[in-house]
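In the text below, chain A, chain B and the rest are named by the order of the sequence lines, each starting its count at 1.
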Protein chains: 2
Amino acid sequence: MAARRKTGNVTLKDIAQATGFSANTVSRALADKPDISEETKAVIREKASQMGYIANALASFLRSGVSRNIAILVGDISNPHFSVMVKEMQTLLQRRGYNSIIFNTEEKAAVEKQAITTSLSQNVDGIILCPAPGGEENIRFLQMHGKPFVMIGRHFSGEDASFVICDDVHGGYAAARYLLDRGHKDILFLNGPRGISSSAERLEGYRAALEEKGIAYRSELVQTVPVTSRRGTEKMRDILSQRAECTAVLVFNDILAWQVICILGELGRKVPEQCSVVGFDNIKYPYPVHLTSVSSSKTTMAKRSVEILLKKLEGQKGAGEECVVLETDVVEGGTVAVLNEKR
Amino acid sequence: MAARRKTGNVTLKDIAQATGFSANTVSRALADKPDISEETKAVIREKASQMGYIANALASFLRSGVSRNIAILVGDISNPHFSVMVKEMQTLLQRRGYNSIIFNTEEKAAVEKQAITTSLSQNVDGIILCPAPGGEENIRFLQMHGKPFVMIGRHFSGEDASFVICDDVHGGYAAARYLLDRGHKDILFLNGPRGISSSAERLEGYRAALEEKGIAYRSELVQTVPVTSRRGTEKMRDILSQRAECTAVLVFNDILAWQVICILGELGRKVPEQCSVVGFDNIKYPYPVHLTSVSSSKTTMAKRSVEILLKKLEGQKGAGEECVVLETDVVEGGTVAVLNEKR
DNA sequence: CTGTTAGCGCGTTCAT
DNA sequence: ATGAACGCGCTAACAG
């Protein structure tokens with residue numbers, strides 16, 4: 001039995017004693033350095049495995065300055081939009097030898113700040129984050145600390161930082177256009193919170209589509225809805241019962257869109273016959289009826305963001321910032337009806 | 001500007017130099033130890049915050065042996081059943097000053113083993129895991145290493161280990177009984193993989209219910225379905241098209257249950273009129289139609305498992321193993337019909 | 001109340 | 001090809 005210390009684990013020193021080599025040689029053998037003879041490596045590896053050696057990653061970091069840990073910050077891991085991306089990123093990072101630490105920001109800048117601080121204190125090598133509303137300060141904080149990071153799904157104008165987003169202007173435009181083309185004129189837009197690019201840009205697209213069709217923009221038809229709390233449901237219920245004139249609803253994300261469908265049902269309005277609904281994110285729910293939704297390339301976002309971050313970490317010095325804008329479009333489901341009325 | 005080292009961060013030493021105290025005094029002041037004068041603490045805290053000091057958690061661990069990191073291992077974070085629990089656990093852990101590191105095991109013992117090894121190498125203080133099929137070996141591995149852990153959702157008989165599970169025997173019984181009471185006799189059971197307690201125990205309950213009703217158990221009506229891969233869908237399609245005589249399907253989890261509903265739709269069978277479906281996990285999807293499903297107290301599982309783990313970590317020595325079995329029952333939705341046929 | 005010493009486990013550097 | 005010395009940043013243990 002090996003000597004047991006504070007952590008109760010087998011250390012390099014234990015293997016050194018057991019094999020007669022120095023701790024150093026053991027370290028280099030296990031790291032497969034070229035200056036150790038194959039013979040020695042074999043002996044050491046054998047002994048290490050036999051003793052159940054597990055390297056202490058934390059001590060290793062302390063010396064090398066590399067933790068091979070990446071932090072992933074998202075608004076809410078229980079939202080499939082995020083959990084699917086997170087899972088994908090984890091897989092990709094794992095494959096490249098990185099672990100990931102996941103944080104929920106609850107879409108609050110203060111919580112995000114806390115998550116970033118913890119990430120820094122855990123010495124993650126880099127961060128992938130979907131920034132919370134009003135989190136510009138946090139981005140500057142990261143930049144100040146020189147910690148490599150990539151934003152996904154949202155960005156802040158003015159910051160020179162890498163991001164991978166969807167073309168939200170076009171997304172908002174395409175969704176509105178899709179509804180307008182099917183005869184809808186009064187389109188309620190239940191948008192996400194202010195302070196994030198996706199809300200602002202989708203609205204921009206929505207307005208552009210209206211304008212193009214010569215339909216007046218009515219600000220009372222655009223409302224902001226909380227994305228994480230239960231209060232969002234209440235607010236949507238209020239709005240929907242007051243806006244019965246709307247023949248279609250465009251909703252910030254698919255979860256909320258489904259909630260809208262439920263609320264409409266409670267209000268006695270059948271979807272899509274009496275009201276059409278379009279969401280964002282195109283989450284592949286296993287449900288007989290598919291939601292008509294604006295696509296977001298979750299797999300691509302995950303892939304590109306990991307690539308960009310790792311290039312920053314491993315690439316030659318100062319790989320510049322990369323900004324990726326992915327295409328997006330309406331994916332047809334069964335929640336939109338064509339209006340025939342001639343008036 | 002403070003001196004910058006390998007990690008580029010402000011260290012205790014920097015604060016020591018800036019304030020004229022020793023690194024040690026700074027450490028103890030920031031840790032709010034009682035043997036430092038309030039005055040000194042104030043000075044040091046002020047300076048630390050001004051310099052943007054962020055403690056190096058890894059170095060801290062190396063010395064103290066406490067990382068305040070917990071690993072959470074689940075089959076698939078993109079499954080709401082897990083992501084909801086994970087989120088809840090994260091919140092609770094955070095509140096107690098712990099970070100969490102999440103791993104997907106893909107329901108494979110080998111991947112789980114890897115996740116455990118990484119967790120150990122990251123020196124997490126403890127682990128909460130939903131063990132993968134055939135992962136008994138991994139549990140023994142954890143026990144061998146003396147790493148505190150709690151299993152959730154599943155357990156292995158014979159291991160003296162803490163776990164928090166649902167009463168799956170009763171869950172299987174209640175679900176079958178619910179269908180039998182509504183006139184269903186040919187109940188297809190699409191069960192989870194062998195090698196986990198939930199599959200085995202639900203089957204046990206299913207059989208007990210049949211027996212109680214004097215209905216013969218037909219092994220061809222019980223099939224195992226992969227829970228993570230896309231192959232599960234294919235397999236279910238095959239089975240469902242061959243078992244048209246069944247008037248009801250009991251499915252291992254809600255995701256698969258919804259897939260079953262979709263497949264039945266493709267096969268021209270309407271739910272619940274032509275076939276009833278019951279799932280497990282009672283996931284709160286925001287759909288207009290609710291799935292009839294066997295409840296699982298996700299919040300309670302999360303809460304209890306965190307409690308038990310933290311008691312092990314912080315409590316007086318040798319807090320014994322705790323086994324919690326939570327009640328479960330059928331939650332009515334709209335996917336089960338009452339059979340009227342008199343034959 | 002505060003400073004000094006020491007060492008957690010590892011990897012880098014230099015010497016042999 | 002291998003070993004010895006050193007230090008990453010922090011805190012436990014002891015001095016005073």
Identify every side-chain donor-acceptor pair in residues 77-86 of chain A under 3.5 Å, counting partners at least two apart or on other chains, and give the distances.
from  : atom 1 : to    : atom 2 : distance (Å)
A:S78 : OG     : A:D76 : OD1    : 2.8
A:S78 : OG     : A:D76 : OD2    : 3.2
A:N79 : OD1    : A:H81 : N      : 2.8

Rounded distance (Å) that lies between atom [atom2] of [N] and atom [atom1] of [X]:
X      : N      : atom1 : atom2 : result
B:L62  : D:dA12 : CG    : P     : 12 Å
B:K13  : C:dG3  : NZ    : P     : 15 Å
B:R63  : C:dC10 : CZ    : P     : 15 Å
A:N9   : C:dC8  : CG    : P     : 14 Å
A:N56  : D:dC10 : CG    : P     : 17 Å
B:L30  : D:dA12 : CG    : P     : 13 Å
A:Q122 : D:dC10 : CD    : C1'   : 14 Å
B:L12  : D:dG9  : CG    : P     : 10 Å

- Message: Less than 4.0 angstrom between a side-chain N/O of B:S60 and OP1 or OP2 of D:dT11, yes or no?
- Response: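 For D:dT11, OP1/OP2 do have a side-chain N/O of B:S60 under 4.0 Å.
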- Using a cut-off of less than 4.0 Å, is there contact between a side-chain N or O of B:Y53 and OP1 or OP2 of D:dG9?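 Checking B:Y53 against D:dG9: no side-chain N or O falls below 4.0 Å of OP1 or OP2.
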Can you list the residues that meet the salt bridge (charged side-chain N to carboxylate O under 4.0 Å, His left out) rule with [X], with sequence neighbours excluded?
X      : answer
A:E112 : none
B:E39  : none
A:D32  : A:K41, A:R45

- Is there any ring-ring contact (aromatic ring centres under 6.0 Å, His included) pair reaching into residues 111-142 of chain B, and which pairs are they, with sequence neighbours excluded?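 Sorted pair list: B:F141-B:H145.
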- Query: Should the pair A:D125-A:R68 be classified as a salt bridge under the 4.0 Å nitrogen-to-oxygen rule?
  - Reply: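 Salt bridge absent between A:D125 and A:R68.
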What pairs of nitrogen or oxygen atoms, one from the protein and one from nucleotides 2-4 of chain D, lie under 3.5 Å apart?
from  : atom 1 : to    : atom 2 : distance (Å)
D:dT2 : OP1    : A:T40 : OG1    : 2.7
D:dT2 : OP2    : A:S37 : N      : 3.1
D:dT2 : OP2    : A:S37 : OG     : 3.4
D:dT2 : OP2    : A:T40 : OG1    : 3.1
D:dT2 : O4     : A:R28 : NH2    : 3.3
D:dG3 : OP2    : A:S22 : N      : 2.9
D:dG3 : OP2    : A:S22 : OG     : 3.2
D:dG3 : OP2    : A:T25 : OG1    : 2.4
D:dG3 : O6     : A:R28 : NH1    : 3.3
D:dA4 : N6     : A:N24 : ND2    : 2.3

